[in-house]
Every structure is written in C-alpha cells, then in structure tokens.
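Letters A, B, ... mirror the listed sequences (proteins, then strands); counts begin at 1.
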Amino acid sequence: MNARQRNARRIVRDIAHARAGDKGNTSNVSVWAYDPADFELLKRSLTAERISDAFPDLIRGKVERYVIAHLHGLNFVLQDALEGGVNGSLNLDSHGKSWSYLVLGLELEERADDRPVG
Amino acid sequence: MWNANGTTRPQTLKVTVGFDAGYQAEAGVSYAGSGAQERGRLAAEIVGERLSQVHGIKADLRIDLIGVSSLFATAGVRAVDALDVRLHVTLRSRAKEDAEIMLWEIESLLCCGPAGGGGFRGSIVPCVMTKSVLVARDQVKPGLEVLVA
C-alpha cells in the first residue's frame with residue numbers, strides 16, 4: 001500500500017460486493033462483506049439514513065435495512081426508488097441493476113483501528 | 001427464523017395488469033474527442049428546448065449523456081471531462097407523431113447540431129405499462145387459450 005492509498009478514504013467496494021433487484025417500483029440492494037472482520041465497519045457505514053441521504057432525488061420513499069449477521073450481509077429495501085419501475089422508467093437501466101454500484105461507491109466511516117495491518 | 005415454515009395461503013391472487021401506454025422511442029448520437037462532454041451537453045440542451053418550446057411536446061422525456069451521466073443521472077453522479085459521450089433520448093407518448101418528431105430532432109443534430117456528432121440510431125416500439133393488483137380467488141377461472149399470430 002502506497003502513501004496515496006493510505007490517505008485516500010476507502011469505499012464500500014473495497015470490502016464488500018453487492019447485488020440489486022427490483023419488484024415494481026421497489027429496489028432491493030444487498031451488500032456482503034468479503035471478510036467477516038469488516039462486517040462491523042460495513043454496518044456502521046451503511047445505515048438506512050446514509051443510503052437515503054446520499055441519493056435524495058433517486059430514492060423518493062422509505063429505506064429499510066435488514067441485517068443478516070450470520071452471512072455478514074445487509075439488505076436494503078428502497079421504496080419508490082426506480083423512477084416508476086421496469087415498465088415506467090425511461091432510464092436505460094429500468095431494473096436498477098446498477099444501483100448496487102451506487103451503494104458500493106459510498107465512503108466508509110473508518111476509524112484508525114479499521115485499517116488492515118501492513 | 002432459521003428453518004422454512006409457512007402460514008395459510010393468501011386469500012387473494014396477484015395479477016399483473018397490462019395497459020397500452022402508447023409508444024416508447026429511443027434515439028442517440030455520439031460525440032468524441034476534445035470537448036465531447038460540452039458538445040454533448042449543448043446537444044442535450046438544444047433537444048430539450050426544441051421538443052418542448054418549438055414542438056410543444058408534453059410527453060415523458062428523459063435526456064441522458066452516456067459517459068457523463070446516464071444510469072446514475074437521477075442520483076446526481078456525473079463525470080468531469082468525458083471524451084466519448086453519447087446523447088441518449090427516451091420519450092414515451094400516446095401520440096406516435098411525438099416519437100417520430102423526437103427521432104427527427106436527434107438525427108438532424110448530425111447536420112445542424114454541435115460539431116462532430118455521429119452514429120445516429122433511433123427506434124420506436126409499442127409500450128405496455130404494468131401494475132400489480134390483488135384479485136379475489138373466486139373471480140379467477142383458470143383456463144388456457146392458444147393464440148396464433
């Protein structure tokens with residue numbers, strides 16, 4: 001790790017993967033820590049409010065978070081978040097499959113002891 | 001909850017109802033090289049202004065710049081100085097004429113829009129919108145009918 005990488009804030013993608021799905025105008029994004037040791041950091045960083053506040057123009061409805069602790073994952077249900085849904089949205093990605101990378105691009109809420117050693 | 005379990009079956013059935021929503025049109029033209037993002041942005045402004053103010057079209061319209069801001073446009077995510085940009089316009093209207101006008105507007109950017117635009121494509125397809133509703137079980141009579149075009 002060089003000096004620039006040490007100073008740059010890490011993003012969710014650095015410690016987790018994600019997948020998005022749709023039902024009507026509801027989007028569903030699940031986020032999974034690669035390493036169980038990072039799950040607490042992931043939980044702290046990705047609250048329902050954080051997701052909701054990050055994309056106020058996209059997510060018009062309520063955001064709910066479900067914690068799946070034994071699989072080190074978080075599942076977010078985003079209401080009224082698909083610009084009308086698969087048959088109503090004029091977005092090229094009308095299913096919102098790319099929404100997973102909106103979440104993976106958010107910065108982590110890191111503390112000094114969250115960094116990997118070395 | 002760790003094991004599979006269940007309750008009584010729902011009293012209603014989910015039905016997806018389709019509605020005729022007219023036509024959905026898509027069209028695009030690309031810009032590349034120095035100033036591509038600015039030229040694409042100018043093309044987007046021209047199209048938006050001409051469709052609404054010259055043609056008076058009130059249809060659902062979305063104007064994206066692929067390479068700058070498209071899938072994440074509504075979320076407010078943008079590139080800074082993209083060198084390969086595609087203007088992509090989508091319109092939905094009950095009037096086919098609105099769709100045809102939009103395609104002509106995009107194609108005409110090749111000759112009288114920002115410099116260096118290329119690669120026009122446009123398409124118009126029928127549009128079906130769907131809504132999910134719950135229907136009482138006794139209103140549903142299962143049956144099968146094969147329709148041949």
* Residue part contacting chain A, namely of B:Leu61, when any heavy atom lies under 4.5 Å -> backbone
* **Atom group of B:Ser70 that falls short of 4.5 Å from chain A, counting heavy atoms** =>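 The answer is the backbone of B:Ser70.
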* Roughly how far, to the nearest 0.5 Å, is the OH atom of A:Tyr101 from the CZ atom of B:Phe72? ->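 These two atoms lie 9.5 Å from each other.
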* Asked: If you measure from CG on B:Asp60 to CD on A:Glu83, what distance do you get to the nearest 0.5 Å?
  ->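 That separation rounds to 12.0 Å.
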* **When B:Val128, B:Thr90, B:Leu91 are compared by non-hydrogen pairs under 4.5 Å with chain A, the top option** =>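 Greatest number of close heavy-atom pairs with chain A: B:Thr90.
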* **B:Arg62 (side chain) donor-acceptor with A:Leu92 (main chain) under 3.5 angstrom** => no
[X], [atom1]: over 12 other non-hydrogen atoms inside 6.0 angstrom:
{"X": "A:Arg44", "atom1": "CZ", "value": "yes"}
{"X": "B:Glu97", "atom1": "CD", "value": "no"}
{"X": "A:Arg65", "atom1": "CZ", "value": "yes"}
{"X": "A:Arg60", "atom1": "CZ", "value": "no"}
{"X": "B:Arg137", "atom1": "CZ", "value": "yes"}

* Are B:Ile66 and B:Val89 in one and the same hydrophobic cluster, where Ile, Leu, Val, Met, Phe, Trp and Tyr link if side-chain heavy atoms are under 4.5 Å apart? ->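 No; B:Val89 is not reachable from B:Ile66 via cluster members.
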* Going hydrophobic residue to hydrophobic residue with side-chain gaps under 4.5 angstrom, can you get from A:Leu71 over to A:Ile15? -> no
* For the candidates A:Val86, A:Asp57, A:Asn25, which exhibits the highest count of non-hydrogen atom pairs separated by less than 4.5 Å from chain B? ->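 Top option by heavy-atom pairs under 4.5 Å: A:Asp57.
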* So which of A:Asp93, A:Asn87, A:Ile59 has the biggest tally of heavy-atom pairs under 4.5 Å with chain B? -> A:Asn87
* Check the pair A:Leu90, B:Gln24 against side-chain contact (heavy atoms from CB on, under 4.5 Å), reporting the backbone distance first and the verdict last. => CA-CA 9 Å; A:Leu90 294 180; B:Gln24 184 161 318; 4.1 Å; yes
* Asked: What part of A:Lys23 lies closer than 4.5 angstrom to a heavy atom of chain B: side chain, backbone, both or neither?
  -> side chain
